[in-house]
Amino acid sequence: MGAWAIAVHGGAGVDPNLPTERQDEAKRLLTRCLDIGISALRSSVPAIDVVELVVRELETDPLFNSGRGSALTEKGTVEMEASIMDGPKRRCGAVSGLTTVKNPISLARLVMEKSPHSYLTTPGAEEFAKKQGVEMVDNDYFITEDNVGMLKLAKEANSILFDYRIPTVGTCGAAVDSHLQMNGLPISIYAPETVGCVVVDKEGRCAAGTSTGGLMNKMSGRIGDSPIIGAGTYACELCGVSCTGEGEAIIRSTLARDVAAVMEYKGLNLHEAVDYVIKNRLDEGKAGLIAVSKNGEVACGFNTTGMFRGCATEGGFMEVGVW
């Protein structure tokens, strides 16, 4: 019997001018999700079940960019994606392009357990969802008034917004230019705020899950790192990892898998592995991640100004932070 640990995130790349009220709201949500996970782990619920439970809670609350509250495409619609992975046998499921599935993370798990495949995208993913009897809602359910306003600002600035609820403005009210690039092309600002959860239970079983609405004002059909196993999500016998941030950079670096790889091939511990990949695998990309190991360790790392995150261990350690 080992020790359990859990970590959650609500996205990397926090606006340094984020109002205190918004920070406090995020911390309360992360704390609530940790409490849900801790209670389940104390009741010996398997890691994969805890991951799904916590991510569903994050998807249901409109605060972060997943499920209800997802970022809007350039067409003003929502296209969601998610993945989940069970470490012991490296089973996985992923979905993308969802427009009517209330909880994408649960559909990803059904792909893992009830289909012969690992990844389904729309329209096949939604057809599969209907056959499985998952809860479906109109696309309008996911759209919030805040996001409609932010999409308008993004279109006026001809940009992809960073923290799309807190627009960065200059003295004349126009969006401030930055030198960020995505796939080598300049953008004004990008929007992370993906959600994720990683868990190791008392049996040493690791699991990970990630869910997102993607980028505000993204091209319809764009797929980020969140549903890509090895990029946004990875779990094996050694660890579980969930990533957030610039999806294109995370995909290029296979960031989540790389944490496990350097643990296995370089003999690094969890904290060393997380530090190594953040410093050496992102090139000029901006991202963050949370991770747990089979030994009950928990770690996080990011090269952005901040990352909404929280973690707890069976030994009594608990922390919720932004910066």
Side-chain angles (χ1 to χ4, degrees), residues 9-15 64-66 70-75 78-83 85 92 94-98 104 108 119 121-122 150-151 154-155 157-164 168 175 177-196 208-234 241-259 261 274 276-291 301-308:
H9 72 72
V14 185
D15 187 333
F64 292 130
N65 174 19
S66 67
S70 285
L72 306 182
T73 69
E74 60 185 358
K75 296 180 179 179
V78 166
E79 295 179 5
M80 301 167 291
E81 51 201 46
S83 63
M85 192 163 186
C92 59
V95 288
S96 64
L98 301 183
Y119 190 160
T121 189
T122 192
M150 287 302 112
L151 178 62
K155 287 184 175 295
N158 192 28
S159 70
I160 297 171
L161 287 179
F162 171 59
D163 186 339
Y164 53 86
T168 304
D177 289 333
S178 78
H179 300 292
L180 290 174
Q181 292 190 339
M182 184 170 289
N183 254 8
L185 299 175
I187 60 171
S188 290
I189 352 194
Y190 68 95
E193 292 209 5
T194 294
V195 306
T210 311
S211 181
T212 191
L215 304 178
M216 181 64 74
N217 201 26
K218 68 182 180 181
M219 294 174 63
S220 181
R222 181 263 184 183
I223 297 172
D225 66 286
S226 296
I228 299 179
I229 300 301
T233 304
Y234 191 74
V241 185
S242 174
C243 300
T244 172
E246 185 188 336
E248 282 68 13
I250 295 170
I251 291 170
R252 292 195 304 271
S253 62
T254 59
L255 200 66
R257 165 59 184 157
D258 228 36
V259 173
V274 169
Y276 180 86
V277 299
I278 291 294
K279 289 180 177 177
N280 297 284
R281 290 293 185 260
L282 280 168
D283 301 318
E284 296 179 354
K286 298 295 183 181
L289 63 86
I290 54 174
F302 52 94
N303 65 356
T304 56
T305 54
M307 180 171 73
F308 295 109

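Basis for what follows: all heavy atoms, side chains included, without hydrogens, waters or symmetry-related copies. Here the structure is a predicted model, which means the values were calculated and not measured. Note that the numbering runs from 1 along the sequence shown for the chain.
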### Query
If you round to the nearest 0.5 Å, how far is CG of L215 from CD of E246?
9.0 Å
### Task
Determine yes or no for a side-chain-to-main-chain donor-acceptor pair under 3.5 angstrom, with N65 supplying the side chain and G214 the backbone.
yes
### Task
Quick one: closest heavy-atom pair of G288 and I278, and the distance?
CA-CD1, 4.3 Å
### Message
Nearest 0.5 Å, please: how far is CE in M216 from NZ in K155?
### Response
10.5 Å
### Query
If you look at every heavy atom in A291 and V274, which pair is closest and at what distance?
CB-CG2, 4.0 Å
### Query
Nearest heavy-atom pair of L98 and P104: which atoms, and what distance?
CD1-CB, 3.7 Å
### E74/R222 salt bridge by N-O under 4.0 Å criterion
no
### Query
How far apart are the closest heavy atoms of C92 and M85, and which atoms are they?
CB-CG, 3.9 Å
### Task
Locate the shortest heavy-atom distance separating S66 from S211; write the atom from each residue and the value.
CB-O, 3.6 Å
### Task
Determine yes or no for a side-chain-to-main-chain donor-acceptor pair under 3.5 angstrom, with K218 supplying the side chain and G213 the backbone.
yes
### Summary
Contacts of S226 meeting side chain to side chain donor-acceptor pair (under 3.5 Å) (sequence neighbours excluded), chain-then-number -> none
### Task
Locate the shortest heavy-atom distance separating T304 from A12; write the atom from each residue and the value.
OG1-CB, 3.7 Å
### Query
Can you tell me if T73 and S220 form a side-chain donor-acceptor pair at under 3.5 Å?
no
### Message
Quick check: do L72 and V78 have side-chain heavy atoms less than 4.5 Å from each other?
### Response
yes
### Task
Only one of T244, L255, I250 passes side-chain contact (heavy atoms from CB on, under 4.5 Å) with L289; say which it is.
L255
### Message
Main chain of I223, side chain of E81: is a donor-acceptor contact present, judged purely on distance under 3.5 Å?
### Response
no
### Task
With the side chain counted from C-beta on, respond yes when R281 and Y276 share a heavy-atom pair under 4.5 Å apart, and no when they do not.
yes
### Message
With no hydrogens and no angle check, just 3.5 Å: does a side-chain donor-acceptor pair link T194 and T212?
### Response
yes
#### Entry: Exam field: side chain S242 to backbone I290, donor-acceptor pair closer than 3.5 Å
no
### Query
For residues S83 and Y119, is any side-chain donor paired with an opposing acceptor at under 3.5 Å?
no
